[in-house]
2 protein chains.
Amino acid sequence: MNVTGHTRRPASIRDVATAAGVSYQTVSRVINGHPSVRPATRERVLAAIDDLGFRRNATALALASGRSRAVTVLTANTTHYGYASILQGIEEAARAASYSVGIGVLESAAEDTVAAEVRRAADAGDGLIVIAYDPAGVRALDTAPGLSADLPVVGVVETPASPPGGDRPWVWTDDREAAYQATRHLLSLGHETVHYVAIPSSTRRTSARTTGWRQALKEAGASEPRPVQGSWSPAGGHAAGARLAADPAVTAVLCGNDDLALGVLRALHEAGRAVPDEVSVAGFDDAPHAAYLTPSLTTVRMDFTGLGRAAFALLHGVLEKSAQVAPRPVSVPELVVRESSGPPPARG
Amino acid sequence: MNVTGHTRRPASIRDVATAAGVSYQTVSRVINGHPSVRPATRERVLAAIDDLGFRRNATALALASGRSRAVTVLTANTTHYGYASILQGIEEAARAASYSVGIGVLESAAEDTVAAEVRRAADAGDGLIVIAYDPAGVRALDTAPGLSADLPVVGVVETPASPPGGDRPWVWTDDREAAYQATRHLLSLGHETVHYVAIPSSTRRTSARTTGWRQALKEAGASEPRPVQGSWSPAGGHAAGARLAADPAVTAVLCGNDDLALGVLRALHEAGRAVPDEVSVAGFDDAPHAAYLTPSLTTVRMDFTGLGRAAFALLHGVLEKSAQVAPRPVSVPELVVRESSGPPPARG
DNA sequence: GACATGAATGTGACCGGTCACACAAGGCGC
DNA sequence: GCGCCTTGTGTGACCGGTCACATTCATGTC
């Protein structure tokens, strides 16, 4: 144990070598667990390492080995529950694998902003995970390969519209299926149709959640109202909800996430429409607050941290060829029925 | 512009040098804007840089210069709104200063867990920001200097109990004052006293918010109920709220954050106690959902991203001595009165 | 016209690791 | 007793930058 407080420059392998009376290469061998080092020598080196408080310099290691054992996460936002949970899942898995995690926030979807962030990420780590639920993320995911040829990129995406997209390095939960189930749940309660307040779609066309909703309506032969474009926030949900509340025909609303649902609930309340007696509302994500709202929110539970872990695992597999490039990890969200959904009011 | 797709090893300054017909040192000078380079030479070098798509290798730079222009943020959680916002503020400021941000999650407050994370942080970047609102963060903040002598550490903390703590590199918002104001608000509405549901205290004794609450009660000559120990989550608030709801004497509840308040609201609802008619509730943070709850939540708005930016600014000042070590940045939270607080019920 | 001065550029060492290779000593086969 | 393989260890170059110092040439000064 080193007790000298004023360790100026931290000890290098050469310092350790001198202290142990061996060459720096031998120290390197000990550090890396190379077999052919005589036990006695190893002991001496380990003692010196301990004594000098040696820690392997990550920067030098990165320069020499060409790999930094660091990944960068690009996201449009760190505060949304889903995004934050994914990040936490990534960090957890990365930590377990002794990788460090860097983070970059995409402040806009503008091409140059995104490009700048991707480049920063490219020379900060040796892999990139993009949370691509929104236009900024999608653009990053699209342009990254072009901007930095040999930077492995993994995307956390919505359920891809087309069949599993060849072998793109993507992870997702089946939110199309989840939206389908949530919609069916509402229809099965007796609602004639289900309105939808959408999160901003990641693709130019329409989001996976929208697709699942639409599919359920179609199968049930229900009419398909125009989705209301929301944002990610309660404020967006509130605006959308206000419009829906004004239409007496609306009896069931599915929301792209729980924050939107919260805004919708509020708008319905302000319009004097009772939930679930007059209108049913369902959300998406099962954020921590969903269960504690009044009425508590029927929603779809998403395993975001699991998604984050899977994203890292996939990237890890690419970075260390050894690790198998895991079979596309897809988890299935689970519908959680609470107070906010119920049968429609008897026909007036 | 380089159009060759297969850039094997990326160009180094020596490649650029050869291409431009100068020495690598001249390239280095151009990159760093050294004055004494003949304009014509500079042009040639710049052309070569552009042509080869040269990007300065961050790792080599870090090794040679001894500084990596990276900071690490240590936090117990990335999903809480406050924490996530602080992180976002840090990232924003760091990006503006061309620093990259790494993140480490403290999974427990156990000594070795924390120590391991601090060490990882120490050799990942050249500065550390610790979000120290909870035991894990506090321990990290406390032990970091001992674990890694010359690693600059900045703490995002609760309002320190003692006078500004010498010259500790800390940033905070005056949440003691905020709690004081929120409590006074409730008292001024006519409540005899205000109950408090606490977030886990960061110190062994009591949190700044608790102190502010206590101070307001004392000044008003109100009785001081035992604070109810909550967690950070709605679930914790719900448990605490259930207990408080059972006591008819309770007419006003201040909560350590908005998630707790949400749980308390729910518990009161379940107990059949109307808010604000029978019981007033106030939160802390002004999370995005606070305004959209029913009833909407009276709370204290905290400038978390500003706090994050300040934390980075402080660390930045330490890292680059040039930058002034900003005067301790303290922002003042603002009380936002909404529907959840009102006068107590007329004495029955 | 000799010499100090400064601008423009190049050379070598270094940061702290890794890798490829050289080399000495010991065990084994024949 | 010689060659040969294996084990243990050391040497030198390298990763891609920076820094300190040397060098060249043009200019100004007396």
Side-chain angles (χ1 to χ4, degrees), chain A residues 7-46 48-49 52-70 98 100 122-126 150 320, chain B residues 7-46 48-49 52-70 98 100 122-126 150 320:
Chain A
T7 316
R8 265 312 123 219
R9 213 188 305 123
S12 74
I13 54 168
R14 327 225 174 204
D15 299 329
V16 173
T18 319
V22 297
S23 79
Y24 53 82
Q25 181 59 267
T26 299
V27 176
S28 176
R29 289 196 181 94
V30 171
I31 296 171
N32 296 298
H34 186 104
S36 58
V37 174
R38 195 179 310 163
T41 311
R42 183 189 314 279
E43 284 311 317
R44 247 184 314 143
V45 171
L46 287 176
I49 285 177
L52 295 167
F54 167 82
R55 311 211 66 216
R56 199 224 247 96
N57 180 315
T59 303
L61 175 58
L63 180 59
S65 68
R67 330 202 324 82
S68 63
R69 294 188 77 79
S98 297
S100 60
D123 42 44
D126 36 38
D150 34 35
E320 332 222 312
Chain B
T7 316
R8 268 308 126 221
R9 209 185 313 120
S12 75
I13 54 168
R14 325 221 178 207
D15 299 328
V16 173
T18 321
V22 297
S23 78
Y24 53 82
Q25 182 58 265
T26 298
V27 176
S28 174
R29 289 197 181 93
V30 170
I31 295 171
N32 295 296
H34 186 102
S36 55
V37 175
R38 197 178 310 165
T41 311
R42 183 188 315 277
E43 284 312 315
R44 247 184 314 146
V45 171
L46 287 175
I49 286 177
L52 295 168
F54 167 82
R55 310 211 69 217
R56 199 226 245 98
N57 179 314
T59 304
L61 175 58
L63 181 58
S65 68
R67 331 203 324 82
S68 63
R69 293 189 76 80
S98 297
S100 60
D123 44 43
D126 36 40
D150 32 36
E320 333 223 310

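Chain naming here is simple, since letters A, B, ... match the order of the sequence lines and numbering starts at 1 in each.
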S.K.: Does B:T26 have a side-chain nitrogen or oxygen under 4.0 Å from the phosphate oxygens OP1 or OP2 of C:dG10?
M.R.: yes
S.K.: Do the side chains of A:R56 and A:I31 get nearer than 4.5 Å, heavy atoms only?
M.R.: yes
S.K.: Closest nucleotide of DNA chain C for B:H34 versus for A:Q25: which of these residues is on the 5' side?
M.R.: B:H34
S.K.: Write down the distance between CG (B:D123) and P (C:dC15), rounded to a whole number of angstrom.
M.R.: 19 Å
S.K.: Whole angstroms only, please: what is the CD1-C1' distance between A:I31 and C:dC19?
M.R.: 14 Å
S.K.: Look at the side-chain N and O atoms of A:R56 and state whether any lies under 4.0 Å from the OP1 or OP2 oxygen of C:dT18.
M.R.: yes
S.K.: Nearest of D:dG17, C:dG17, D:dT7 to any side-chain atom of B:I13?
M.R.: D:dG17
S.K.: For A:T59, answer base if it contacts any base atom (sugar-phosphate contacts may also be present), sugar-phosphate if it contacts only those atoms, and nothing otherwise; contact means non-hydrogen atoms under 4.0 Å.
M.R.: nothing
S.K.: How far apart are the closest heavy atoms of A:N57 and A:T59, and which atoms are they?
M.R.: OD1-N, 2.7 Å
S.K.: Run the salt bridge (charged side-chain N to carboxylate O under 4.0 Å, His left out) test on A:R55 and B:D123 for me, step by step, so that the C-alpha distance in whole Å, both residues' side-chain angles and the decisive distance to 0.1 Å come before the verdict.
M.R.: CA-CA 9 Å; A:R55 311 211 66 216; B:D123 44 43; 2.6 Å; yes
S.K.: At what distance, to the nearest 0.5 angstrom, does CZ of B:F54 lie from CG of B:D15?
M.R.: 9.0 Å
S.K.: What's the closest nucleotide to the A:N32 side chain, out of C:dT9, C:dT18, D:dG17?
M.R.: C:dT18
S.K.: Nearest nucleotide by nearest heavy atom, which residue falls closer to the 5' end of DNA chain D, B:S28 or A:R38?
M.R.: A:R38
S.K.: Tell me whether the OP1 or OP2 atom of C:dG10 has a side-chain N or O from B:S23 closer than 4.0 Å.
M.R.: yes
S.K.: Mind running salt bridge (charged side-chain N to carboxylate O under 4.0 Å, His left out) on A:R67 and A:E320 for me, showing each step along the way?
M.R.: CA-CA 10 Å; A:R67 330 202 324 82; A:E320 332 222 312; 3.1 Å; yes
S.K.: Between C:dC15 atom P and A:L63 atom CG, what is the distance in whole Å?
M.R.: 14 Å
S.K.: Under 4.0 Å between any heavy atoms, over every strand shown, what does A:R55 touch: base, sugar-phosphate, or nothing? Just pick one.
M.R.: sugar-phosphate
S.K.: Select base, sugar-phosphate, or nothing to describe what B:L61 touches, counting heavy atoms under 4.0 Å on all strands.
M.R.: sugar-phosphate
S.K.: Rounding to an integer number of Å, can you tell me how far B:D15 CG sits from D:dG16 C1'?
M.R.: 10 Å
S.K.: Rounded to whole Å, please give me the gap between CZ in A:R14 and P in C:dC15.
M.R.: 8 Å
S.K.: So which one's nearest nucleotide on DNA chain D is more toward 5', B:Y24 or A:P39?
M.R.: A:P39
S.K.: Are any of A:N57's side-chain N or O atoms less than 4.0 Å away from OP1 or OP2 of C:dC15?
M.R.: no
S.K.: Figure out the CZ/P separation between B:R44 and C:dA8, and round it to whole Å.
M.R.: 14 Å
S.K.: Report which part of the nucleic acid B:S65 touches: base, sugar-phosphate, or nothing (heavy-atom distance under 4.0 Å, all strands).
M.R.: nothing
S.K.: If you assign B:R29 and A:S12 each to the DNA chain C nucleotide with the nearest heavy atom, which residue ends up on the more 5' nucleotide?
M.R.: B:R29
